[in-house]
Structure formats: C-alpha cells, structure tokens
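The sequence lines fix the lettering, A, B, ..., with proteins before strands; numbering per chain opens at 1. Since this is a predicted model, take the numbers as computed values, not measurements.
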Amino acid sequence: MKKYKRHLITSALPYANGPIHIGHLAGVYVPSDIYTRYLRMRGEDVISICGSDEHGVPITLKARREGITPQEVVDRYHELNKKAFSDFGIAFDIYSRTSNKIHYETASGFFRKLYDQGEFVEKTSSQYYDEEAGCFLADRYITGTCPHCGNENAYGDQCEKCGTSLSPTDLISPRSTISGSAPVMRDTLHWYLPLDTYEPWLRKWILEEHTEWKTNVYGQCKSWLDQGLQPRAVSRDLDWGVPVPVEGAEGKVLYVWFDAPIGYISATRELTPDWEKYWKDPETRMIHFIGKDNIVFHCIIFPAMLKAEGSYILPDNVPANEFLNLENDKISTSRNWAVWLHEYLVDFPGKQDSLRYALCASAPETKDNDFTWKEFQARNNNELVAILGNFVNRTLVLTNNYYQGVVPAPGAMSGPDSDTLSAVMECRKNVESNLEAFRFRQALAEAMNLARLGNKYLADTEPWKVIKSDPERVKTIIYISLQITANLAIILEPFLPFSMDKLRGWLGITGLHWDAAGRSDLLAPGHLVSSGELMFSKVEDAEIERQISKLHDTRKANEESEAEATDRKEDVTFEEFTRMDIRTATILEAEKVPKTNKLIRLKVDTGIDVRTIVSGIAGHFTPEELPGKTISVIVNLAPRTIKGIESKGMVLLAEDEQGRLVFMVPEQKIKNGSPVR
RNA sequence: GGCGAGAUAGCUCAGAUGGUUAGAGCGCAUGAUUCAUAAUCAUGAGGUCGAGAGUUCAAUUCUCUCUCUCGCUACCA
C-alpha cells in the first residue's frame with residue numbers, strides 16, 4: 001500500500017431533521033471513530049471531519065409542518081446531535097454545519113469555479129410545479145412511471161426498482177407527493193453536471209484502480225456505471241440553501257447533494273488554515289465513512305465534482321456499511337423505531353462503551369444486521385464484564401494482595417510465559433491487519449482475544465496456588481499478567497475509549513503509542529498500580545425488559561396514531577351521497593386472479609344482475625370461503641379493467657389499522673338488490 | 001408478479017479459485033478451579049452447509065430449476 005503523509009477522514013454528515021440513533025452509530029460513526037483513533041495512536045497526521053447537513057426539502061417541510069423556520073429546525077438537531085456525538089466519544093476534530101457562513105462561501109465558490117470553467121451545462125427546462133402547494137417540486141417529491149422498467153412508483157431522482165438514476169422529467173405520468181395533484185410544467189433555468197462525460201474516467205478510476213473497495217461498494221458502483229450516467233442538475237428552485245452564485249439566479253439554491261459533500265471542505269477550512277494540505281496534496285489519504293444509501297454520492301458524484309474542479313484529491317477508499325435493524329424491524333425516524341443516543345445515555349449512564357462494543361461487534365459490515373437488546377445484554381455481561389473486566393480485575397486484585405499494588409520484578413521466563421508474550425504481539429498484528437482492511441468486527445474480536453489469553457494464562461499458571469510453594473515464580477506470573485493488562489489499554493483504546501481511560505488511570509500510565517503494543521515492559525518493576533473499581537457492570541434483566549417494553553409501547557403508539565391519523569373527509573351534500581348506489585348482494589363464485597397476490601375475481605348477484613367484480617382481498621380470504629356470503633356493493637361505480645378483467649362495482653369492506661378486512665354485511669337476511677342508504 | 005438480499009451447529013453469523021476430519025462466539029453437557037462481578041479454564045455433544053437436477057474424477061462451494069424467508073414494489077376503484 002502506498003505510504004501517505006496524512007489522513008483526512010470524513011463521516012457522513014447527518015441530516016439535521018432528526019436525532020442520531022444506533023443505526024447511524026453502527027454504520028458510520030463507530031467505525032470512523034475507531035479508525036481515526038487507531039491512526040492517531042500510530043502517530044499519523046489525521047483529521048476527522050463531520051457536521052450537520054442542514055439544507056434540502058425535508059427540512060423545509062418539517063419547518064412548515066411545525067410552523068417554525070428551517071433554521072430553527074436545524075438549530076435544534078445540530079445541537080442535539082453534536083452533543084450526542086461528543087457524549088459517545090466520537091473523536092471528530094470538528095463538528096460543523098452547512099448553514100455556516102464559511103460553508104456558504106465554500107460551496108458557492110466551488111460552484112462558481114466550475115461555472116467559470118464551463119463545467120456545467122446550462123439548461124432551461126420545464127420543471128414540475130405544484131400549483132396547490134405553490135412551489136417547484138424536488139425530485140423525490142414526484143413519483144411516476146420509470147421509463148426503463150415501467151415501475152409506476154419511481155421517484156424523480158431514482159427508480160428504486162431498477163436502480164437507474166433519473167431526472168423528474170424522465171417520469172411518465174408524474175404526481176406530486178406533497179399535494180397529490182398532477183404538477184404542471186414551468187420553465188426554469190438550471191445547471192447540470194454532465195456526469196456522462198466523466199463516465200469513462202470514473203470507470204477506470206473505480207473499476208480498474210480501486211478493485212480493493214468493499215464488494216458491496218464496488219458492485220454498486222459497477223451497476224451504476226453499467227447503466228450509464230446522465231447529466232445531473234446541481235441547482236434547485238427553493239428558498240432554503242446556498243444561493244446559486246450567478247446573476248439572475250434568484251430563488252435558486254445549490255442542490256443539497258451538491259452542497260453537502262462540500263460541507264466536508266468547509267468544515268476543514270473552519271478547522272484549520274492548513275486545510276488545503278488535506279484536500280489538495282496527493283500525499284493525503286482521504287477516506288469517506290458512509291452508509292450504503294450514500295454510495296452513489298461519494299463514489300460517483302462527489303468525485304466527479306472534485307475532478308471537474310481540478311485541484312482536489314479523490315477518496316482512496318469509501319468503506320460503506322449496510323443497515324442496522326432494531327429487534328427485527330427497520331429503524332425508522334418517523335415511526336420512532338430506534339434507540340436514540342440521547343435517550344440511551346439517560347437509561348444507561350456511563351455505558352457508552354457497552355453500546356459501542358455491541359454495535360461494533362455486530363456492525364452491518366457485509367449485510368444488514370439486527371440489533372436486539374438481549375444480544376446487547378449478552379455482549380455486555382458475557383464479554384465485557386466476564387472476559388475483559390474480569391481479567392483486569394483479577395490481575396489488579398492479585399497484584400494488590402501479593403505486592404500491595406507494586407509491579408513485581410520478573411524472574412526467568414518459562415515456555416508458557418514467552419509463548420504468551422509472543423501471542424500478545426500476534427494479537428496486535430491481527431488487530432492491525434483487520435483494522436486496515438476496515439474489518440472492524442473481526443478487529444474487535446481479535447482484540448478481545450487478548451483478554452481471553454490473559455484469563456487462560458492465569459488459569460494455566462495458577463498463581464494463587466504457586467504463591468504457597470514458589471512465591472518467586474508468582475512475581476513473573478503477575479508481571480506478565482500486568483503487561484497484558486497494559487497492552488489491553490493500548491489495543492482496545494480505539495474501540496473502548498472510556499474504559500481504557502479508566503484502565504490507564506488504575507495502571508498509572510498515560511496514552512501510549514500504538515507501536516508500544518506487544519511489548520512486555522510497559523509497566524516497570526516498582527511501578528504502583530491501584531486496585532481499581534470494576535470496569536464494567538452487568539446489565540440486569542429488568543433493564544432490558546424495560547427497553548423492550550418501551551419499544552412495544554412505540555409499536556402500539558404507532559398503530560394507534562395510524563388509526564387516529566385518518567382525518568374525516570370533506571363534507572358531501574346529500575345529493576352527492578345519493579348518487580352512490582349501494583345494494584345488498586350475494587357472492588356466487590370466487591377465484592384468484594392468476595399472477596397476482598391480492599386479487600380475487602368475484603361473481604356477484606346484485607339483485608339487478610349477475611356481474612364480475614375484482615377485489616383486492618386475497619390476503620384475507622380464500623376463494624373457497626366466499627361463495628354464499630351476503631355483502632354490500634356499490635353497483636354504479638364506473639367499470640374498470642384490472643389485469644384484463646372488467647370489474648363492475650366495488651365490494652364494501654371495513655379496514656382496521658392493521659389492514660384487516662371485514663365485509664359489510666346486512667344484519668339480517670334481506671333480498672339481493674335492496675338499496676343501502 | 002417484478003427487483004434485491006438471503007437459506008451453513010439450538011441462537012447469531014464466518015468461510016471455502018470445487019479436493020483429506022466445514023469454523024467462531026453465545027447457549028448446552030461434563031470436568032477442573034476459587035485470584036475474580038457464580039466470573040474463569042479445559043473437554044465434549046451437535047451440521048446429509050434449504051430441496052432437486054446438471055457439469056465434474058470430485059460440489060456444501062459452479063450452473064439451472066424449485067421451495068421458503070426478509071426487504072422494496074405492483075395489481076386493491
């Protein structure tokens with residue numbers, strides 16, 4: 001691997017419309033923090049950059065909903081998230097924000113440079129405008145039919161079905177998701193980054209020069225490149241964001257995905273006047289830590305922007321993680337299905353490392369992973385408490401009991417002694433190689449093996465027995481155990497900074513260089529160590545049950561709020577109501593519509609006639625149980641062809657918040673065709 | 001139905017350019033041990049690597065089909 005002079009670590013800028021949860025931590029910030037701490041311990045020149053991403057349409061919508069300004073929204077979450085990171089010891093050198101003045105300068109300067117170099121394609125286009133909401137529609141607030149695969153619910157920026165990135169105008173029969181209305185076209189001028197012209201270069205850069213990237217990242221990039229890139233608009237019609245620094249561009253701002261990654265640059269400028277050293281010197285190694293949703297922006301778009309600008313370096317690696325689930329369900333900010341960092345610390349004060357450990361140990365490195373409270377408890381109690389905390393404790397207690405806390409001078413080393421010491425060095429090497437390959441789970445497991453090694457050493461040498469027969473020998477045993485403990489303080493520091501800080505306090509040592517790991521003379525004979533308190537405490541069943549029931553409550557609240565959320569529809573007049581012709585009827589036949597999941601074709605006697613109705617009820621009823629049922633039917637609903645079958649009318653069913661369906665049946669037997677009023 | 005991911009020990013997962021006895025942690029059983037937050041250490045049990053077919057001297061690993069699971073998505077008038 002090429003040797004670099006310094007490192008620039010970036011971590012995805014969290015979007016400032018919600019708090020940080022364990023998914024963010026496991027996927028991005030814990031790995032980035034571990035990596036950063038490791039590099040620092042190696043004495044590398046490294047800075048770690050992060051901040052709030054504060055622009056974009058969702059924030060304006062949230063502000064509108066709550067009747068406050070976008071700035072008030074982002075202020076709230078910026079402070080909350082900044083504190084959460086610092087409480088968890090995430091070692092950013094700066095946590096900045098994109099509503100800062102320096103970011104406005106940086107982003108508009110960046111844009112202006114590309115503009116002056118003629119890198120953009122300027123295009124007046126008709127864009128979708130929602131007349132009801134009175135605004136141009138951002139890409140993701142338009143849905144429509146994908147031109148590539150025919151998916152009818154493609155978003156304006158991307159079709160989730162075939163993965164193609166799109167422009168809103170590509171969509172067939174678009175709809176506004178804000179008002180539900182069909183948007184109208186209005187002319188508007190925008191600037192486009194012609195990604196297509198960078199395609200050959202990107203192809204070479206990623207597919208040929210970065211085959212070492214994680215397979216999920218590499219594969220994702222390959223599939224985008226294979227589908228062909230399209231020019232991408234870098235501006236938007238919106239009043240919240242960095243104004244486009246071009247004359248006559250009033251009411252236009254930089255697209256949030258153009259301005260957000262520039263936030264990394266702004267934050268660096270804010271941090272140090274030497275910022276250019278980190279961004280423009282080819283001897284700097286830049287690493288982006290992100291989640292899988294961000295791959296296209298960090299591997300394709302941002303690099304294209306940097307390349308277009310011309311003076312910047314490109315990322316050397318983008319170790320993107322997959323997603324973390326919570327108790328078998330997707331984490332969701334809007335559904336409150338998450339463990340929020342600020343709430344965790346209230347419930348588990350001082351247990352930052354327990355969460356960091358559990359999240360790293362089951363980080364979604366290669367595929368989505370599930371976080372459960374039971375597993376969290378097991379990791380804490382069986383691994384941190386029982387293996388690591390226990391080894392440290394027994395070593396310190398033994399030292400205290402036999403030598404009043406003074407490190408004894410070792411005698412001659414026996415075979416098991418030197419075997420153990422060389423295993424320490426082996427362990428360090430394993431941790432290193434895994435960290436450098438961004439395999440944090442494995443790195444942590446290897447690091448924990450050092451504590452296991454210590455436990456085994458004590459069990460094998462049995463100093464509590466030997467002390468009676470050969471007290472001299474015990475000095476060596478305790479000496480070695482103490483050296484292992486000191487090594488733990490180094491090797492586990494990137495993973496468990498709070499606990500290792502405690503440990504260093506007990507051992508009376510200050511921060512050690514990574515290269516000291518593996519040595520067997522970290523604590524000199526005569527040095528005083530304190531017996532220490534316990535490094536970790538158990539998580540009791542009751543605490544776990546409380547968390548689980550908290551989630552249960554959330555789930556229940558979600559269901560209830562969903563039930564309440566259905567607002568009453570607008571008033572209709574009696575005349576309008578009487579236009580609907582609802583009749584009692586009987587199902588004669590029922591069969592599943594082939595090649596569908598939900599549809600059943602019904603033959604129904606309405607008293608007026610016998611007709612065919614297609615109904616989406618196959619998830620709740622089998623065709624066998626339907627014939628003979630008395631039901632209610634709207635008989636004058638305009639016919640509609642569904643899957644090639646003409647459906648005349650609609651069967652009335654009630655649906656509860658879980659989506660359960662119940663037929664509306666007459667209370668007593670009544671003639672088919674009786675009108676319902 | 002479409003797209004994507006997956007199916008390996010009781011649980012959570014690793015892994016193999018196809019080749020002798022398929023791994024880890026947890027859990028379980030047995031034994032050892034008491035310095036330690038009933039923690040630790042050793043040993044062991046437990047898997048026809050989702051089903052079927054194909055390629056091959058050889059497949060759990062490659063190909064195809066199927067089944068099931070998860071996510072997204074479609075049909076609901």
Side-chain angles (χ1 to χ4, degrees), chain A residues 143 145-146 148-154 159-163 216 219-220 223 292 322-323 325 328-330 361-362 364-372 374-375 377-402 439 441-442 444-446 448-449 451-467 474 477-478 481 531-538 540 593-600 613-620 633-634 637-645 647-653 655 659 661:
Chain A
T143 57
T145 304
C146 172
H148 292 89
C149 69
N151 168 23
E152 291 179 18
N153 270 32
C159 172
E160 294 193 334
K161 193 162 169 182
C162 62
N216 57 333
Q220 186 89 263
S223 103
K292 70 173 169 186
E322 302 285 301
F323 285 156
N325 292 328
N328 280 313
D329 229 329
K330 205 171 162 172
S362 51
E365 277 176 12
T366 51
K367 61 181 169 195
D368 290 0
N369 214 338
D370 194 35
F371 176 92
T372 65
K374 277 215 173 330
E375 190 190 322
Q377 181 189 27
R379 295 245 184 235
N380 182 77
N381 294 358
N382 304 336
E383 298 179 29
L384 289 180
V385 173
I387 295 172
L388 173 58
N390 185 37
F391 169 67
V392 169
N393 186 240
R394 51 201 302 215
T395 300
L396 292 178
V397 167
L398 288 169
T399 308
N400 214 45
N401 288 352
Y402 300 156
R439 288 192 298 258
R441 279 158 68 136
Q442 193 58 37
L444 178 57
E446 297 289 350
M448 283 298 283
N449 277 341
R452 292 178 206 274
L453 179 76
N455 279 319
K456 182 170 163 50
Y457 179 73
L458 283 180
D460 289 349
T461 54
E462 298 180 304
W464 48 90
K465 276 189 184 165
V466 178
I467 191 75
V474 173
I477 296 170
I478 297 304
S481 300
S531 71
E533 327 116 54
L534 297 174
M535 189 181 280
F536 302 101
S537 61
K538 287 198 170 184
E540 303 297 335
V593 179
K595 298 189 173 184
T596 66
N597 273 359
K598 286 194 188 172
L599 300 185
I600 289 185
I613 296 178
V614 176
S615 189
I617 56 175
H620 305 267
V633 173
I634 305 182
L637 196 68
R640 160 129 181 191
T641 303
I642 300 161
K643 289 274 160 192
I645 304 163
S647 176
K648 298 166 82 172
M650 174 168 167
V651 177
L652 298 184
L653 297 112
E655 180 178 15
L661 294 174

So what does [X] hit on the nucleic acid, given a heavy-atom distance under 4.0 Å: a base, only sugar-phosphate, or nothing?
X	value
A/Gln442	nothing
A/Val385	base
A/Tyr402	nothing
A/Lys538	base
A/Arg441	sugar-phosphate
A/Arg452	sugar-phosphate

Residue matched to [N] through Watson-Crick or wobble contacts both under 3.5 angstrom:
N	answer
B/A36	none
B/C49	none
B/A5	B/U69
B/C75	none
B/U43	B/A29

Report task. Might you point out which heavy atoms bring A/Asn381 and A/Lys538 nearest each other, and give the distance in Å? Result ->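 Scanning both residues, the minimum pair turns out to be OD1-CA, 3.3 Å.
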Value in whole Å for how far the C1' atom of B/A39 lies from CG of A/Leu396 =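 For the pair A/Leu396 CG and B/A39 C1', the rounded distance is 15 Å.
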Between A/Asn381 and A/Glu462, the residue closer to the 5' end of RNA chain B by nearest nucleotide is A/Glu462
First encountered from the 5' end of RNA chain B, between A/Leu384 and A/Ser362: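 This one resolves to A/Ser362.
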Do A/Asn390 side-chain and B/A36 base share a donor-acceptor contact under 3.5 Å?
-> yes
key: Close side-chain approach of A/Tyr457 and A/Ile477, heavy atoms under 4.5 Å   = yes
When rounded to the nearest 0.5 Å, the distance separating CD of A/Glu383 from CZ of A/Phe536 is 11.0 Å
Check your understanding: Are the side chain of A/Asn380 and the backbone N or O of A/Ser537 linked by a donor-acceptor pair below 3.5 Å?
Key -> yes
